[in-house]
Amino acid sequence: MSDLHFYNSYTRQKEKFESITPGYAGLYVCGPTVSGESHLGHARPYITFDVVQRYLKHLGYKVRYVRNITDAGHFEEEGRDAIDKVGEKAKLEKLEPMEMVHKYTSLFHHGMRLFNCEEPAIEPTATGHIVEQISMIQTIIEKGYAYEVNGSVYFDVKKYAQGYPYGKLSGRILEDQLETTRELDGQDEKRNKVDFALWKSAPPEHIQRWISPWGEGFPGWHIECSAMSSKYLGETFDIHGGGMDLMFPHHESEIAQSTIAHGHPPVRYWMHNNMITINGKKMGKSYNNVIKLSELFSGNHPILEQAYHPMVVRFYILQTHYRSTLDFGNEALQGSERALRRLWEAYDVLKKLSHPGTTEPKDENLDRQVSAWIAEFNDFMNDDFNTAKVIANMFELAPVINGMKGGQIAGGALSLATFTLLQENFKLFIEDILGLQPLAVAQSNKLDGIISVLIEIRADAKKRKDFATSDEIRNKLLKAGITLKDEKDGSVSYSLD
RNA sequence: GGUCGGAUGGCCGAGUGGCUAGGCACAGCUCUGCAAAAGCUGCUACAGCGGUUCGAAUCCGCUUUCGACCUCCA
């Protein structure tokens, strides 16, 4: 089997993955800012890195997956202006940061569960690590790469750039930055516009504030990730992930801060997922084209023709390589829904199939082909987590599976060994690694009993050639969202929408 | 304006030099009381123009066009 390779955004090439501590892998992913409800765009990184994390585990790594919650900083919430203008009114009418943070964190977790994203090992919050952040800022000041102005602390990017490759990750040149911004920036407290805040002095009306050596204030956006990732994963860790839009300034700043504070770069491999677009434009607040997760799942949005199941969204995302943009569209989502249904049905069939136990395949070519498709599951994942190709192979296997059930393919066409391999690996990849689930959740026993009764009545009617009655039962059940299928062997199966 | 990345059949999307994914949709056939499902078959595209090559969607150049980042952003 080949080794895991994936694209390192820092070096801009695919590299073989070698963890710092053999057998262990550290993964840090920038989590959400919980000042608003998560949207479809947020689903991409968390699903992408959930699969990364699952696959690393499959390869035998003991994974520590850390994903933060950004609950400190300069929050903007819908309606915040109105609330702030109320100013000195009753306490209950004021925005309580903890309340908002709690609400959106809960919603985020709910969304993650629906997407079947496994929980990170550690989910640190920025507000819970103020001490660590202050300490790191102090170190940077001591080393001479940060300065204080009016209670705020800024990182001296220009000085840093003299000794370190600032801009390498995001591919920008400091000189350009300085030139394009200099004239706009006469009155700022920063020495250069490119400098970024490590700590911000809080104006009196700012509600989130902590005591620091520089007065009351709150941490800058970038420092939290550096402080928390180094605390839980070490000063140098394996993989840092996040959306491409975070490369600059966020990730670039993280590198600079950590490099000064710890004396070496923080991350071995940088991974960035691409954006989800809608009508070709990135989904984001500034474009006013956001589809929130709750809207997506309920279909309650002008752009949406229907509601979409979380698993359809997960499948849709995994059908595309994580480094490509993914354009949202109703037709595409609907296609994914049908595709996932078909795939899952084949998987269900496979689980129930039995094998005659013959060790020699009756159809050597098919046996060889099936073995190859299965072997490729690993190869594709090892090549930059190509979930799209894994899924394509599953669709190659689906007709084989269905054919074995339908009789188009003979019972012992595959050897017992290949058949077993197929069963094991299909489960492994579709459930454990891609993390997919069936669309219709397990029906209750009672419902099962009721439908069985109806199926019996219908079978009686059919026996009497009373097709009017049998069709009526089937059609009415269909309207209720239950599809009956007359199987070739005379049995009847059903599925829920 | 600067930097970077795209442009693949009706739609979504893999794919980096020859073997030309996959899904959805569509059409025909088989099975079937009829359906549904399933199976089989068909649909062969790579923005345009040059160039390199025995051979290019894939490499190079130009053009057109879309987008991302440069400010909070997954």
Side-chain angles (χ1 to χ4, degrees), chain A residues 12 29-33 35-36 38-49 70 73-76 167 170-173 175-177 179-181 193-194 221 241-250 252 272-277 279-287 290 315-316 319-321 323-343 345-346 349 376 380 386-396 398-409 462 465-468 470-471 474-475 478 483-488 492-495:
Chain A
R12 291 158 197 256
V29 174
C30 290
T33 301
S35 62
S38 302
H39 61 256
L40 174 58
H42 293 111
R44 174 101 104 144
Y46 306 129
I47 289 171
T48 298
F49 290 106
T70 298
H74 213 99
F75 284 159
E76 300 280 338
S170 53
R172 60 202 70 220
I173 300 153
E175 277 64 40
D176 295 346
Q177 301 278 113
E179 273 162 34
T180 51
T181 54
K193 176 90 190 270
V194 288
W221 176 37
M244 266 183 186
D245 51 349
L246 297 181
M247 274 174 127
F248 190 91
H250 187 52
E252 199 73 68
H272 291 94
N273 62 276
N274 215 317
M275 301 291 103
I276 289 183
T277 59
N279 295 324
K281 281 228 165 57
K282 175 184 162 184
M283 184 173 294
K285 268 183 196 162
S286 38
Y287 294 107
V290 167
F315 183 70
Y316 173 66
Q319 267 183 304
T320 306
H321 189 88
R323 286 195 286 117
S324 301
T325 54
L326 169 58
D327 198 43
F328 169 88
N330 280 290
E331 207 180 332
L333 258 301
Q334 285 156 12
S336 288
E337 182 175 326
R338 295 199 184 170
L340 177 58
R341 264 218 172 86
R342 192 164 88 81
L343 189 61
E345 243 168 75
V349 166
E376 280 174 339
F380 292 154
N386 200 327
T387 54
K389 282 189 141 190
V390 171
I391 290 172
N393 269 25
M394 288 179 174
F395 277 107
E396 297 281 12
V400 176
I401 294 165
N402 289 326
M404 286 193 278
K405 182 198 179 200
Q408 295 93 339
I409 293 172
K462 275 174 71 179
K465 304 249 185 229
D466 177 5
F467 295 122
S470 73
D471 285 353
R474 188 177 60 200
N475 292 338
L478 187 64
T483 308
L484 295 189
K485 280 187 275 187
D486 292 326
E487 303 288 355
K488 287 216 167 64
V492 181
S493 66
Y494 70 91
S495 58

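Note that the coordinates shown come from a computational prediction; the quantities given were computed from them, not determined experimentally. By convention in this document, chain letters (A, B, ...) are assigned in the order of the sequence lines, proteins followed by strands, and residues within each chain are numbered from 1.
By the 4.0 Å N-to-carboxylate-O rule, A/Glu337 lies close enough to A/Arg341 to be salt-bridged with it. A salt bridge does not link A/Lys405 with A/Glu345: none of the charged nitrogens is closer than 4.0 Å to a carboxylate oxygen.
Rounded to an integer number of Å, the gap from CG of A/Asn274 to P of B/C66 is 19 Å. Following rounding to the nearest Å, A/His272 (NE2) and B/G5 (P) show an atom-to-atom distance of 15 Å. As rounded to whole Å, 17 Å separates atom P of B/G5 from atom CZ of A/Phe248. Straight-line distance from the CD atom of A/Gln408 to the C1' atom of B/U30: 9 Å, rounded to whole Å. One can place CG of A/Leu478 at 14 Å from C1' of B/C34, the figure rounded to the nearest angstrom. In this structure, CZ of A/Phe380 is placed 14 Å from P of B/A14, rounded to the nearest angstrom. Rounded to a whole Å, the NE2 atom of A/His250 is 11 Å from the P atom of B/C72. As a whole-Å value, the separation of A/Gln334 CD from B/G13 P is 15 Å.
Using a 4.5 Å heavy-atom threshold, the side chains of A/Arg44 and A/Asn274 count as touching.
Taking atom C1' in both B/A68 and B/C59, the straight-line distance is 25 Å, to the nearest Å. Remark: the separation of the C1' atoms in B/U44 and B/G15 is 15 Å, to the nearest Å. Nucleotides B/A27 and B/G61 place their P atoms 45 Å apart, quoted to the nearest Å.
Of the side-chain N and O atoms in A/Lys405, none sit less than 4.0 angstrom from OP1 or OP2 of B/A37. At the phosphate of B/G6, neither OP1 nor OP2 sits under 4.0 Å from any side-chain N or O atom of A/Ser324.
Ring stacking is absent between A/Tyr46 and B/A74, as the pair misses the limits of under 5.5 Å between centres and under 30 degrees between planes.
Within the shown strands, B/C66 is the pairing partner of B/G5 under the Watson-Crick or G-U definition, both distances less than 3.5 Å. In this entry B/G33 has no Watson-Crick or G-U wobble partner, no candidate having both defining distances under 3.5 Å. A 3.5 Å limit on both hydrogen-bonding distances identifies no Watson-Crick or G-U partner for B/A45.
Using a 4.0 Å heavy-atom distance criterion, A/Asp327 is classed as a sugar-phosphate-only contact. Within the 4.0 angstrom heavy-atom criterion, no nucleotide atom of any strand lies near A/Gly406. Residue A/Leu484 is classed as a base contact, given a heavy-atom separation below 4.0 Å to a base.
When all heavy atoms of A/Val349 and A/Asn402 are compared, the pair lying nearest together is CG2-OD1, 4.1 Å.
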